[in-house]
Protein chains: 2
Amino acid sequence: MNRVFKALADPTRRSVLELLREGPMSAGDLAGHFPVSKATMSAHFAVLREASLVDTEKQGTTVIYHLQVSVLEDALLGLASAVGLGLTSKQPVKGEKS
Amino acid sequence: MNRVFKALADPTRRSVLELLREGPMSAGDLAGHFPVSKATMSAHFAVLREASLVDTEKQGTTVIYHLQVSVLEDALLGLASAVGLGLTSKQPVKGEKS
DNA sequence: TCGCTGTTTAGCTAAACATCGAAATAGGAG
DNA sequence: CTCCTATTTCGATGTTTAGCTAAACAGCGA
């Protein structure tokens with residue numbers, strides 16, 4: 001839980017999660033969206049992985065990142081309830097396009 | 001918004017918010033709940049203030065901290081919606097006792 | 001095997017952070 | 001005015017973090 005909030009503390013990492021909302025994406029594609037080196041991005045990915053906010057799948061030479069929605073949801077709802085904030089999950093999350 | 005998530009990244013600060021759920025509390029009382037120095041706690045308070053997660057009221061010599069529920073709610077809902085998580089606020093938050 | 005692409009590791013610097021004890025500030029009570 | 005209590009600020013220290021470049025690693029296709 002702590003790791004989740006630590007992971008969320010960085011704007012780049014939050015943006016990665018947003019990009020992943022649209023669907024799984026390779027590390028390279030993700031990295032292409034940010035003005036930092038690939039090595040730096042890889043470190044961000046590691047933090048997200050440690051927090052279980054994403055998981056990975058290898059497809060040949062590339063690594064595909066998936067958003068783990070439920071982990072984020074649990075963290076947000078957990079904190080919300082701890083501070084007495086009445087938040088509820090509206091609906092199971094499917095693949096939706098904006 | 002970034003400041004809010006940075007503030008939430010520390011477990012001590014999250015605990016402070018939880019304590020404040022029960023109602024306003026003085027800096028001294030809050031500090032009494034944690035095994036760190038008052039100076040350290042004061043620094044944590046400053047971070048929470050900068051994020052507008054709490055605000056203060058002076059009563060003579062003591063400083064009373066209040067939880068700013070709406071700021072936290074906005075941050076959590078904002079992120080949730082950014083990643084396509086369907087969270088909704090259940091009800092306006094009143095003063096409730098557990 | 002060689003070379004290409006994508007990803008991670010290694011080694012580093014600079015900045016940010018958590019923490020402390022001690023000193024400074026601000027009100028209230030004598 | 002002086003003292004006491006509550007809180008914050010100051011200066012210092014050790015740890016963590018984001019960032020870089022360069023090197024290493026892992027598959028793929030020829």
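Below, read A as the first sequence line, B as the second, and so on, with proteins coming before strands; counting in each chain starts at 1.
Of all nucleotides listed (C/dT7, C/dC17, C/dT19), C/dC17 comes nearest to the side chain of B/K6. In this structure, the nucleotide among D/dT8, C/dC20, D/dG19 sitting nearest to the side chain of B/S37 is C/dC20. Here the nucleotide nearest the side chain of A/V36, chosen from C/dT8, D/dC20, D/dT7, is D/dC20. Checking C/dT8, D/dT8, C/dA18 against the side-chain heavy atoms of B/D10 singles out C/dA18 as nearest.
Close placement of the A/Y65 and A/F45 rings is indicated, their centers lying within 6.0 Å of each other.
Atom NZ in B/K38 sits about 18 Å away from atom C1' in D/dC10, given to the nearest Å. Distance CG (B/N2) to P (C/dA16): 13 Å, rounded to an integer number of Å. With rounding to whole Å, A/R3 atom CZ is found 13 Å from D/dT16 atom P.
Mapping B/R49 and A/P35 onto DNA chain D by nearest heavy atom places B/R49 at the nucleotide closer to the 5' end. Where B/F45 and A/A43 each meet DNA chain D at their nearest nucleotide, the meeting point lying more 5' is that of B/F45.
B/T12 comes within 4.0 angstrom of nothing in the nucleic acid, heavy atoms only. Among the atoms of the strands shown, none is found under 4.0 Å from any heavy atom of A/F34.
Among residues two or more places apart in sequence or in another chain, the side chain to side chain contact (heavy atoms under 4.5 Å, CB included) test is passed with B/D55 by B/H66, B/Q68.
Looking at heavy atoms from C-beta onward, B/V63 lies out of side-chain contact with B/S26 at the 4.5 angstrom threshold.
The two residues B/D10 and B/T12 come nearest to each other via the heavy atoms OD1-N, 2.8 Å.
Every pair tested for ring pair (Phe, Tyr, Trp, His ring centres under 6.0 Å) that includes a residue from residues 13-36 of chain B fails, sequence neighbours excluded, so the list is empty.
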Can you tabulate the close N/O pairs, meaning under 3.5 Å, that link protein atoms to atoms of nucleotides 22-30 of chain C?
none

